[in-house]
Q: 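My structure is below; once you've seen it, I'll send some questions.
All chains are named by letter (A, B, ...) in the order of the sequence lines, taking the proteins before the strands, and each is independently numbered beginning at 1.
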There are 2 protein chains.
Amino acid sequence: MTSTSTPVPGSVAGSAAPADRIARRQVDKFAERRRQLADAALLTLSERGYARTSLREIAKDSGFSHGVLHYYFRDKVDLITYCVRQYKAHCVERHDGIVATATAPDALLAGVADALAGTLAQDALMHRLWYDLRSQSLFEESFRADVAEIDDSLERMIWRTVEAYAGLVGAVPTCSPSFAYATVDGLFAQALLRHLAGAPDALDDLRAGVRRQLPTLVG
Amino acid sequence: MTSTSTPVPGSVAGSAAPADRIARRQVDKFAERRRQLADAALLTLSERGYARTSLREIAKDSGFSHGVLHYYFRDKVDLITYCVRQYKAHCVERHDGIVATATAPDALLAGVADALAGTLAQDALMHRLWYDLRSQSLFEESFRADVAEIDDSLERMIWRTVEAYAGLVGAVPTCSPSFAYATVDGLFAQALLRHLAGAPDALDDLRAGVRRQLPTLVG
DNA sequence: GACGCTCTTGGACGGTCGTCAAGGAATCCT
DNA sequence: AGGATTCCTTGACGACCGTCCAAGAGCGTC
């Protein structure tokens, strides 16, 4: 787009047409700033919560003026939706590979329990935001699809854990994926609630709870 | 009402001093209107969610003008807090007596599962509001104490169920109250999510999930 | 150096919010 | 009946919201 007659603007001898490169670079720049703004938004959102975060506040924390958000995002819903998707990527990526490293049942149990307790402690504000947005999706129709998609990916993540554990103990899962996710997520949500309220034993209880619940899901 | 000079409005001959009666009646009237307004607020809140409900909207749904809310409540937080307490009473009262009627383990399981599925279907909007407010309490310091109190009462409610079931099967609970509550509440929250999303098997899955999880909590 | 384009700014608009005060309406008491 | 008190309405205020827009800055291209 808007390509002029310049054949090669950069030093790289590209085989692609210059118009493509220019377009790609512009797109990349655009997408990169989108990501950057979404990162700042995610940070502000996790600190203040969805209901109390305004676009002006997000922009201020990002170092830009409030008008720029409407240059990169159609409206507030577009921004939040993009943030939620970014959150999903960040979340699933973090949990990948934990299950695969364990070779013994108890090691898997300990690994998963520690991983859950670890991310709960480290990304507490992010998880808080997740439960906030999940609640909001029950009222705001616009969020429902994206939230449901993330919830499904989390359910699949837990289900992979159950399947791996079943394989290590030479058994098969005896429950549905949604049952496994619901109970483990319940433990996680409760632990987050108590952790943020200052309960010192929240993390240990989460670890113990996961180690207790997972074996009941196979047989 | 609109009584004229009649000395005795009611038929009951009160021995209390008139001033006391007057004061009490005024207090009762004040408290009664508070309850009435809180009821309307609870209804509006459950339909629109905390973040999207304004005092003007609550007042309009209650049939009063928006200014009256500040006559009966100090500010918005005072109103919401009062509503939450009212919600707690409504919720715990509804669940009382379900456990006591069962005399066989399987009847208890079925009763509890049906009760949970029933209230989820019937009071779905109210439960949605509860999870909304519980999420808000993670951000808004003012709600935290009241929400934690309700959460405790729910945990105790589940724990009573576990103890009753353990008694019927001649065993004792083998988990902590918070573990029992976390897993059951996880099942309930997930079922609510799917039920409101239109999943037809959400209620059955909740029933099956409760019937499966409860026996694993005793031994 | 002038132009064209992308990127960014900051102000303005209409709307809604919580809060409050002044005054009218209803009710109560003597 | 009439004054005192309680109850409720109405309108206003300042603040903040999402959104839009005109204008300027930055910068590579001719």
Q: Contacts to DNA chain C from residues 135-146 of chain B, heavy-atom cutoff under 4.0 Å, which residues?
A: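 DNA chain C contact set from residues 135-146 of chain B: none.
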Q: CG of A:L69 versus P of D:dT19: gap in Å, rounded?
A: 10 Å
Q: Is a salt bridge present between B:D146 and B:K88, judged by a nitrogen-to-oxygen distance below 4.0 Å?
A: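 Not counted as a salt bridge, because no side-chain N and carboxylate O are separated by less than 4.0 Å.
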Q: In this structure, how many angstroms lie between the P atom of D:dG26 and the NZ atom of A:K29, rounded?
A: 14 Å
Q: Write down the distance between NE2 (A:H70) and P (C:dC7), rounded to a whole number of angstrom.
A: 17 Å
Q: Would you check if the side chain of B:R128 reaches a backbone N or O of B:S46 as a donor-acceptor pair within less than 3.5 Å?
A: yes
Q: If I take atom NZ in residue A:K76 and atom C1' in nucleotide D:dC20, what distance separates them, rounded to the nearest angstrom?
A: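 The answer, rounded to whole Å, is 17 Å.
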Q: To the nearest Å, give me how far apart OH (B:Y72) and P (C:dG18) are.
A: 20 Å
Q: By nearest nucleotide on DNA chain D, pick out whichever of A:D75 and B:V68 is the more 5' one.
A: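 By nearest-heavy-atom nucleotide position, the 5'-most residue is B:V68.
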Q: Please give, in whole Å, the distance from D:dC7 P to B:E32 CD?
A: 12 Å
Q: In whole Å, I'd like the distance from the OH atom of B:Y71 to the P atom of C:dA25.
A: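 Those two atoms, OH and P, are 17 Å apart.
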Q: Pair A:L154, A:W130 - check side-chain contact (heavy atoms from CB on, under 4.5 Å), show working.
A: CA-CA 12 Å; A:L154 293 175; A:W130 160 246; 3.9 Å; yes
Q: Return the value, rounded to whole Å, for the distance between atom CZ of B:F30 and atom P of D:dC7.
A: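 Checked: the CZ to P distance equals 7 Å.
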Q: I'd like a list of close polar pairs between nucleotides 21-23 of chain C and the protein, N/O only, cut-off under 3.5 Å.
A:
none

Q: Please list, by residue number, the residues of residues 42-56 of chain A whose heavy atoms come closer than 4.0 Å to an atom of DNA chain C; answer none if no residue qualifies.
A: A:R56
Q: Run the salt-bridge test on B:R85 and B:E149 with the 4.0 Å N-O cut-off and return the result as yes or no.
A: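 Salt bridge flag = yes for B:E149 with B:R85.
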